[in-house]
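Here is the structure we will look at.
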Amino acid sequence: MENTFEPKIVAYVCNWCTYAGADLTGTSRIKYAANVRIVRFPCTGRIDYNLLLKALALGADGIIVSGCHPNDCHYTSGNFHARRRWIVFKQMMEYMGYDMRRVKFSWVSAAEGAKWADIVNTTVREIRELGPAQRIQNEEFRMMNSEG
Amino acid sequence: MPSNNIYNPYLMRIEKITDEAPGVKTFRLKFTNDAEREQFNFKAGQFGEYSVFGEGESTFCIASSPMRKEYVECTFRQAGRVTSALARREEGDVIGFRGPYGNIFPLEEWKGKNLLFIAGGIALPPMRCVIWNALDLRDWFKDITVVYGARSVADLVYKYELDEWGKRSDMRLTTTVDPGGENPQWTGKVGFVPKVLEELAPASSNTIAIVCGPPVMIKFTFPVLEKLGFTPETMYTTLENRMKCGVGKCGRCNVGPVYVCKDGPVFSYGELKKLPAEY
Amino acid sequence: MQALHQKVKELLESGKVQVVIGYGEGSGGKSRPVFIRSAADAAKLVWDDRCHQNLAVYINKPEIKKMGKAAIVAHPAAVRTIVQMIAEHQLSSGAIIVLAVENDTLEELTDNSSLEVYAQSHPVLFPPFVVKEIEDIAALSAAERFEFWQNELEKCFKCYACRAACPLCYCERCIVECNQPQWVSVPSHAQGNFEWHMNRAMHLAGRCVSCGSCTIACPAGIPIGLLTIEASRIARTEFGFEPGISCDASSAMSSFRNEDKETFIQ
Amino acid sequence: MKSITHDNLLKLLAGLADEGKIVYAPVRKGQKVFFAPVQNMQPVVFDYIQTTESPKLVLFPRYEPLISFEYQGKEVKVDDPSAAAPAERVLFGSRPCDAMALKRLAEFFDRDIPDALIAGRQKALTVISMSCIKADADCFCTSTGSSPGDICGSDILLTPVENNGYAAEILTGKGASIADRCSSLFSEIPEIRKEQYLAKVEKAFSHEEVRKKLSHAFDHDIWNGASLRCIGCGACAFVCPMCSCFDIQEEGTAKKGSRVRCWDSCGFSLFTLHTSGHNPRHNQSERWRQRVMHKFSYQPEAAELTGCVGCGRCSRACPSDMNLKEQLQDIAANVETV
């Protein structure tokens with residue numbers, strides 16, 4: 001049977017590299033999956049891990065976080081700080097049992113339109129295979145709601 | 001309330017938004033449901049819980065006169081999450097309103113007396129309700145005097161009404177701004193409210209003083225009034241403790257054996273003196 | 001313990017300190033924090049294997065600070081906490097006299113270098129059951145770990161005893177109390193609890209000295225300390241960062257190295 | 001009088017669950033005992049002195065939606081969860097102090113402006129309590145008007161007696177309706193003196209005396225000393241069967257969500273903080289004083305309702321050994337009478 005599940009993917013990207021890169025993907029007329037909702041930030045250093053948690057809580061099946069390559073940050077070191085946080089965040093989420101195959105981290109420069117398309121396409125394909133994300137179930141809350 | 005669930009708010013449409021001062025707005029609210037409006041009543045001194053759905057509830061006094069039944073008005077300063085969300089609303093939007101809650105200014109008991117209103121800054125709104133109520137019942141009372149101060153000329157709220165009150169012959173209005181807050185056009189007084197009050201030296205006999213303002217103003221105003229001969233039982237204020245439920249359950253506004261939301265917010269200085277100073 | 005009583009007596013009598021933060025007899029055979037202000041009370045101090053709470057949590061409590069200069073009875077984990085607090089500018093050097101205790105030994109530490117030497121030579125040792133818990137969880141599959149933590153966190157009713165018991169959770173306004181935006185769901189449902197404990201772990205990454213105070217404090221019996229211990233383990237393996245051993249260390253999460261590992265980044 | 005065997009008691013509870021009632025019973029989670037809804041009775045435990053979390057959650061849950069809302073253009077659609085009838089619940093294994101606490105809690109929420117959500121749940125709740133045959137040093141129920149075999153607030157009170165059975169006091173109509181429907185599970189025994197089976201809890205202080213002394217103890221020194229080691233968490237309030245303070249928060253998105261009530265504590269520093277930055281209770285000592293005064297002075301004064309039943313949970317839960325019984329004994333002994 002054909003897989004008809006269309007994952008919802010949120011992409012948190014930095015303004016200077018990946019957003020420009022994604023722009024280039026479009027202007028270069030490279031086709032890529034339409035499942036991503038792009039949210040633009042000044043810098044990856046500004047992308048709080050809580051935004052990732054919120055996206056997952058509110059229904060995202062996958063997340064892409066992307067910004068400038070190391071040493072290319074518009075603000076010199078924002079992406080280095082981000083990288084440290086990602087390292088800890090990723091492993092903490094894994095420690096708590098979350099399937100981190102759903103969260104992708106990448107560096108995409110303003111010149112890498114093709115790479116962006118590739119990342120989006122791979123992510124969509126992989127997450128389509130993984131299926132809809134398991135949400136943290138607010139058991140009691142649901143019970144309360146149904147109990148009234 | 002629309003149901004017997006005390007947390008279920010009335011749905012109110014914002015009919016009119018007035019910018020009062022920097023960050024301060026007045027909303028005129030109309031019930032979306034006529035039957036609810038019909039049976040809604042409140043008295044001067046009571047307050048409500050105003051809410052933006054998805055942002056939360058916030059507590060302000062009802063600032064309009066209870067005699068004007070077709071709407072409810074509230075004035076608030078944009079400060080936290082809810083008031084910021086309220087400030088982003090536009091005319092025609094729907095917000096929630098729970099109320100009226102709390103006790104009242106005992107206007108009936110004050111019949112035949114002089115009324116002296118003393119307000120500071122954003123604390124005029126809770127007083128505006130009772131001032132208009134008293135003006136609507138003008139023949140109940142003898143002299144009506146209002147002393148109102150704010151940090152600067154810009155911070156004075158209800159400027160259009162201050163003009164109107166200033167022109168009325170059946171009341172006296174004194175406005176003042178803190179030193180440094182005046183501008184070249186300013187014709188009122190300059191000085192802190194307690195000091196201006198001391199200069200005015202209103203007579204205390206057969207007079208009720210109603211004081212409302214930031215804690216520091218209240219702290220310095222009551223002693224001045226006492227010096228002028230007011231007794232604790234003739235001095236009133238309305239407390240503004242932090243609240244969530246408004247109905248005496250959530251525990252936030254608890255001061256000694258009273259809940260400000262349910263047993264207040266209006267207290268005489270005599271009553272306050274019996275309470276621990278946790279307000 | 002006699003040495004401790006003697007030392008505290010001297011400190012108070014000489015006026016070197018005005019208060020000593022230590023352990024005393026509590027209710028029902030427990031120990032409890034006590035604040036000794038006169039030499040005559042020095043004998044009320046106890047030090048034995050009931051004394052787990054990290055007393056560094058009291059150092060900056062306004063009521064205690066008002067009493068004057070303090071000395072503190074500190075087990076090895078508390079010494080590390082104090083070093084970390086100095087590194088994070090929560091405590092100025094020499095502001096407190098540390099009476100480092102372990103088993104039968106007592107050392108008086110008054111300056112940064114002696115604190116550092118002590119911290120470096122006294123590793124925080126986990127009790128055997130914690131070691132076992134850490135190993136057990138490491139052996140679980142991802143799905144089992146998810147299940148494990150969901151079951152544990154379900155007990156949490158967000159009393160924030162973990163936060164209050166932690167000397168390094170010193171923010172005056174915690175992220176859970178910031179509501180513009182509301183990062184962490186306030187109710188104690190599964191999502192809200194997950195967000196809270198994730199945030200706590202992230203904020204203590206590379207800072208948690210693994211004292212275990214939060215786990216002991218948790219009234220619901222959740223082994224929450226494991227989360228911050230893990231966060232610090234990550235910081236240690238990934239960035240080589242050991243909290244609580246250097247008074248002028250930078251912070252693990254607000255510094256970086258060019259060569260930080262990025263194998264997972266595409 | 002009636003009695004029931006252990007096996008029949010389990011059958012009774014299983015039967016109630018099968019009827020579709022939500023049965024809350026004490027179960028062990030890790031080292032601690034919690035009340036949780038159970039379908040089969042296998043995990044139910046009996047060998048606890050006191051549960052960690054109190055059974056107040058059956059009336060006043062950790063969190064509950066007060067309303068839910070959805071924006072439809074400029075309009076808002078609001079749903080009221082109290083419109084639906086609350087589920088029938090059975091609470092099993094509450095102690096007599098818990099049962100009394102639930103009754104007082106319901107009274108508190110019903111006072112002046114009744115809270116329909118709590119009242120609805122109270123109406124649909126049957127309480128089957130278990131007398132205490134063991135107590136520990138933190139228990140002080142006899143000092144607050146309860147006792148190990150007190151019947152107040154229970155619909156059925158069971159007292160463990162010999163031969164693995166329980167003497168059953170059927171106390172209310174709700175209790176009787178269960179006992180009648182399941183009469184085959186009960187047997188008749190001659191009247192017994194249940195006191196012989198009950199735990200002994202010495203009276204530690206008199207709450208009337210404490211109340212009198214507290215009425216003028218607001219500025220007493222006693223609060224400063226006692227609260228020094230308080231770290232300002234909410235453990236005491238959250239495990240307390242009578243603490244009723246709550247917060248109201250918004251859940252969901254800006255378009256759709258619910259307004260939720262969740263537990264809060266007067267021990268938190270931000271509980272009373274005004275937007276202006278002014279905080280009426282600035283220090284931990286003031287917050288600790290509020291907790292004690294509210295339970296033993298303010299509430300009794302306002303409504304003849306002592307806000308504590310002496311279950312001792314707060315003292316067991318406290319990370320820094322704040323002991324309520326000790327504090328009250330201290331007040332009884334050291335605050336002067338005027």
Side-chain angles (χ1 to χ4, degrees), chain A residues 44-45 48-54 56-58 64-67 69-71 73 76-101 103-108 112 115-116 118-119 122-123 134-144, chain C residues 137-138 140-150 152-154 175 181-185 187-195 197-202 204-206 226-235 237-239 241 251-266:
Chain A
T44 41
D48 196 301
Y49 60 89
N50 275 303
L51 291 161
L52 279 66
L53 294 179
K54 286 289 178 212
L56 294 171
L58 293 174
I64 299 172
V65 186
S66 182
H69 285 270
N71 293 319
C73 178
T76 317
S77 60
N79 53 358
F80 285 123
H81 287 288
R83 185 171 65 186
R84 274 225 160 166
R85 272 179 250 143
W86 299 348
I87 292 170
V88 181
F89 177 73
K90 180 170 178 287
Q91 295 190 38
M92 271 319 294
M93 287 290 273
E94 281 163 355
Y95 187 68
M96 291 179 92
Y98 195 84
D99 185 353
M100 283 302 277
R101 286 178 297 176
V103 183
K104 303 280 177 201
F105 300 92
S106 62
W107 306 132
V108 173
E112 295 176 316
K115 184 179 179 186
W116 176 248
D118 186 43
I119 282 173
T122 337
T123 308
Q134 195 195 352
R135 308 261 163 262
I136 291 168
Q137 298 291 320
N138 291 334
E139 276 300 334
E140 292 163 72
F141 197 64
R142 278 191 315 164
M143 203 175 78
M144 289 297 169
Chain C
I137 293 173
L140 297 176
S141 72
E144 286 168 335
R145 265 204 307 276
F146 187 78
E147 187 70 20
F148 172 83
W149 282 113
Q150 289 297 298
E152 286 296 339
L153 297 187
E154 189 239 354
I175 185 165
Q182 186 86 48
W183 286 117
V184 180
S185 245
S188 53
H189 48 49
Q191 178 66 31
N193 288 351
F194 179 79
E195 286 172 2
H197 290 287
M198 192 68 197
N199 268 287
R200 207 178 105 73
M202 286 299 288
L204 282 160
L226 295 180
L227 294 171
T228 48
I229 289 172
E230 172 67 9
S232 268
R233 186 201 62 76
I234 297 168
T237 26
E238 296 289 339
F239 320 131
F241 199 93
S251 138
M253 296 308 281
S254 62
S255 58
F256 63 87
R257 289 185 309 201
N258 275 8
E259 63 275 18
D260 281 343
K261 193 175 75 186
E262 55 167 65
T263 46
F264 65 98
I265 303 175
Q266 289 174 334

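These numbers come from the heavy atoms of this one structure, side chains and all, not from hydrogens, waters or symmetry mates. Each chain gets a letter, A, B and so on, in the order the sequences are listed, and its residues count up from 1.
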**OP:** For the residue pair Arg83(A) and Trp107(A), establish whether any side-chain heavy-atom pair is separated by less than 4.5 Å.
**Re:** yes
Subject >> Met92(A) versus Leu227(C), closest heavy-atom pair with distance >> reply: CE-O, 3.5 Å
Subject >> Top of Lys104(A), Lys90(A), Lys115(A) for chain C proximity - count of heavy-atom pairs under 4.5 angstrom >> reply: Lys90(A)
Subject >> Exercise: identify the closest heavy-atom pair between Arg145(C) and Tyr95(A) >> reply: CD-O, 2.9 Å
Original post:
Are any non-hydrogen side-chain atoms of Gln266(C) and Ser66(A) less than 4.5 angstrom apart?
Top reply: no
Original post:
Where does Ala205(C) contact chain A at under 4.5 Å (heavy atoms): side chain, backbone, both or neither?
Top reply: side chain
**OP:** Using a 4.5 Å cut-off on heavy atoms from C-beta on, say whether the side chain of Arg84(A) contacts that of Asp260(C).
**Re:** yes
Original post:
For Leu51(A), is it the side chain, the backbone, both or neither that has a heavy atom under 4.5 Å from a heavy atom of chain C?
Top reply: both
**OP:** Flag the one option from Met253(C), Glu147(C), Arg233(C) with the top tally of heavy-atom pairs under 4.5 Å to chain A.
**Re:** Met253(C)
Original post:
Based on non-hydrogen pairs under 4.5 Å, which of Ala201(C), Ser254(C), Ser141(C) is most in contact with chain A?
Top reply: Ser254(C)
Original post:
By ring-ring contact (aromatic ring centres under 6.0 Å, His included), which residues pair with Phe256(C), not counting sequence neighbours?
Top reply: Phe80(A), His81(A)
**OP:** Give, as side chain, backbone, both or neither, the part of Phe239(C) having an atom under 4.5 angstrom from any heavy atom of chain A.
**Re:** both
**OP:** Applying side chain to side chain donor-acceptor pair (under 3.5 Å), name anything that partners Tyr49(A), two or more places apart in sequence or on another chain.
**Re:** Asn199(C), His203(C)
**OP:** Sort Asp99(A) into side chain, backbone, both or neither according to what part of it lies under 4.5 angstrom from a heavy atom of chain C.
**Re:** neither
Subject >> Heavy-atom proximity to chain A below 4.5 Å, by part of Glu230(C) >> reply: both
Original post:
Minimum heavy-atom separation for Phe146(C) to Tyr98(A), with atom names?
Top reply: CD1-N, 4.4 Å
Original post:
With a 4.5 angstrom heavy-atom cut-off, which part of Met100(A) approaches chain C: side chain, backbone, both or neither?
Top reply: neither
Original post:
Just by modelled atom types, is the Trp183(C) backbone N or O under 3.5 Å from a matching donor or acceptor in the Lys54(A) side chain?
Top reply: yes
Original post:
What residue, out of Glu144(C), Lys261(C), Glu262(C), Glu238(C), has the most heavy-atom pairs lying under 4.5 Å from chain A?
Top reply: Glu262(C)
Original post:
Which region of Asp118(A), side chain (C-beta onward) or backbone (N, CA, C, O), has a non-hydrogen atom less than 4.5 Å from a non-hydrogen atom of chain C, or is it both or neither?
Top reply: neither
Subject >> chain A contact via Leu226(C) - side chain, backbone, both or neither, heavy atoms under 4.5 Å >> reply: both
**OP:** Counting only heavy atoms closer than 4.5 Å, note whether Asn193(C) contacts chain A via side chain, backbone, both or neither.
**Re:** neither
